[in-house]
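Following: one structure in structure tokens, then a few remarks.
No experiment lies behind these values; they were computed from the predicted model shown. Numbered from 1 within each chain, the chains take letters A, B, ... in sequence-line order.
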2 protein chains.
Amino acid sequence: MREFVDVAKALSDSTRVRILIALKGRELCVCQLVELVGLAASTVSKHMAVLRHAYLVDFRKEGRWAYYRRVGRDAPKRAQAALRWLDSSIEMKKGMVDDATRLAMILEIPVEELCRTEK
Amino acid sequence: MREFVDVAKALSDSTRVRILIALKGRELCVCQLVELVGLAASTVSKHMAVLRHAYLVDFRKEGRWAYYRRVGRDAPKRAQAALRWLDSSIEMKKGMVDDATRLAMILEIPVEELCRTEK
DNA sequence: TGGTCATTTCGCCACAGAACGAATTATAGT
DNA sequence: ACTATAATTCGTTCTGTGGCGAAATGACCA
């Protein structure tokens with residue numbers, strides 16, 4: 001019950017949903033997510049903490065970078081069910097398409113270059 | 001997308017989740033829901049408006065009473081999928097059992113009597 | 001050891017939303 | 001028509017959360 005509501009809360013913000021959709025089938029670095037959603041790094045980091053606590057994402061640190069990915073089969077069932085619900089509910093339209101093309105462009109750029117703070 | 005987040009928001013409050021669980025397989029009057037969750041009628045009414053706008057519940061008015069029920073097959077797919085997700089995620093434990101027995105007691109009382117304001 | 005840089009944590013502000021009681025609306029009964 | 005009452009809407013208060021920039025953390029490099 002408590003856990004269910006926590007997961008629902010995690011899914012009840014459009015930025016977090018955009019991130020989860022972007023993470024479908026791939027892992028992404030924080031700086032790539034920052035570029036995708038166009039918010040401050042601290043804000044994105046906070047969002048990722050929310051997703052982590054709901055067991056919707058996992059991450060690994062590689063040097064200075066943190067790569068986030070969706071949780072796998074070892075995650076709680078409610079998290080997997082939530083991701084299935086998300087994927088089955090989202091239709092590709094409006095903002096989603098924009099994100100998809102934007103993400104494609106981001107993936108073109110090497111991470112080392114993308115993360116340069118100046119830009 | 002927008003719609004998905006709205007549904008997720010509707011599910012991200014424990015009172016609303018309790019109500020949706022109570023509504024599984026039956027319709028309930030507002031005064032019964034008030035009795036169940038123990039909140040002010042105005043608060044419950046607002047919760048029901050949120051659930052309505054997310055297309056998770058429907059209602060019919062019978063005289064002074066308003067009977068709420070879960071939406072049926074004619075509702076948006078995302079709403080039905082959300083309810084399926086809810087049902088599959090909730091396990092009967094802790095607060096849920098309390099609600100179940102409490103609801104059983106409430107159902108014993110005729111609505112006309114239950115809605116008497118004095119009590 | 002010191003400097004740079006990606007990420008997170010902290011402190012703050014602004015707004016969304018959950019709660020209540022009071023006022024309003026609508027229906028039933030007299 | 002008047003009263004009673006179930007439900008909703010309104011106005012208010014308070015807590016929770018999203019946003020940012022600044023400071024702290026931790027890793028790499030020189």
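Here His47(B) reaches the OP1 or OP2 of dA19(C): one of its side-chain N or O atoms lies under 4.0 Å away. In this structure, Tyr67(A) does not reach the dA6(C) phosphate: none of its side-chain N or O atoms is under 4.0 Å from OP1 or OP2. One finds no side-chain N or O of Thr43(A) lying less than 4.0 angstrom from the OP1 or OP2 phosphate oxygen of dG19(D). The phosphate of dG19(D) (OP1 or OP2) has a side-chain N or O of Thr15(A) nearer than 4.0 angstrom.
Per the geometry, NZ belonging to Lys46(B) stands 19 Å off C1' belonging to dA6(D), to the nearest Å. Here dG19(D) presents its C1' atom at 13 Å from CD1 of Ile19(A), a figure rounded to the nearest Å. Spacing between atom CG of Leu33(B) and atom P of dA18(C) amounts to 16 Å, rounded to whole angstrom units. Between Trp65(A) atom CH2 and dT25(D) atom C1' the separation is 17 Å, expressed in whole Å. Put simply, NZ on Lys61(A) is 12 Å from C1' on dC5(C), counting in whole angstrom units. Whole-Å rounding puts the Leu28(B) CG to dA7(D) C1' distance at 16 Å. When the P atom of dA18(C) is taken as reference, atom CZ of Arg18(B) falls 15 Å away, rounded to whole Å. Atom CZ in Phe59(A) sits roughly 12 Å away from atom P in dA27(D) (whole-Å rounding).
Across all strands, Ala66(A) comes closer than 4.0 Å only to sugar-phosphate atoms, never to a base (heavy-atom distances). Ala40(A) comes within contact range of the sugar-phosphate backbone alone, with a heavy-atom separation under 4.0 Å but no base atom that close.
The nearest pair of heavy atoms linking Val37(A) to Arg18(A) is CA-NH2, 3.7 Å. The minimum heavy-atom distance between Ala82(B) and Leu11(B), with the atom names listed, is CB-CD1, 4.1 Å. For the pair Ser14(A) and Val5(B), the tightest heavy-atom approach, listed with the atom from each and the gap, is CA-CG2, 3.9 Å. Of all heavy-atom pairs between Val44(B) and Val34(B), the closest is CG2-CG2, 3.9 Å. Smallest separation of non-hydrogen atoms from Leu56(A) and Ala79(A): CD2-O, 3.8 Å. Across all non-hydrogen atoms, the minimal contact from Val7(B) to Ala54(B) is CG2-O, 3.9 Å.
Each end of the helix from dT1(C)-dA30(D) to dT30(C)-dA1(D) gets its own axis from five base pairs, and the two axes differ in direction by 20°, given to 10 degrees.
Taking only distance into account, the side chain of Lys9(B) never meets the base of dG17(C) through a donor-acceptor pair shorter than 3.5 Å.
Note on ring orientation: taking the six-membered ring where Trp is involved, the planes of Phe59(B) and Tyr68(B) are parallel (angle under 30°, cut-offs 30° and 60°).
A salt bridge does not link Glu27(B) with Arg70(B): none of the charged nitrogens is closer than 4.0 Å to a carboxylate oxygen.
One N or O on the side chain of Ser12(A) and one on the backbone of Lys9(A) form a donor-acceptor pair closer than 3.5 Å.
Cluster membership for Val50(A) and Tyr55(A), using ILVMFWY side-chain heavy atoms within less than 4.5 angstrom, is not shared.
Looking at residues 49-58 of chain A, you'll see that no heavy atom sits under 4.0 Å from any atom of DNA chain D.
Each of Asp13(B) and Arg64(B) was assigned the nucleotide of DNA chain C with the nearest heavy atom; the assignment lying further toward the 5' end belongs to Asp13(B).
Picking from dC20(D), dT8(D), dC20(C) the nucleotide with the shortest atom distance to the side chain of Leu39(A) gives dC20(D). Nearest nucleotide to the Ser42(B) side chain, out of dA22(C), dT8(C), dA6(D): dA22(C).
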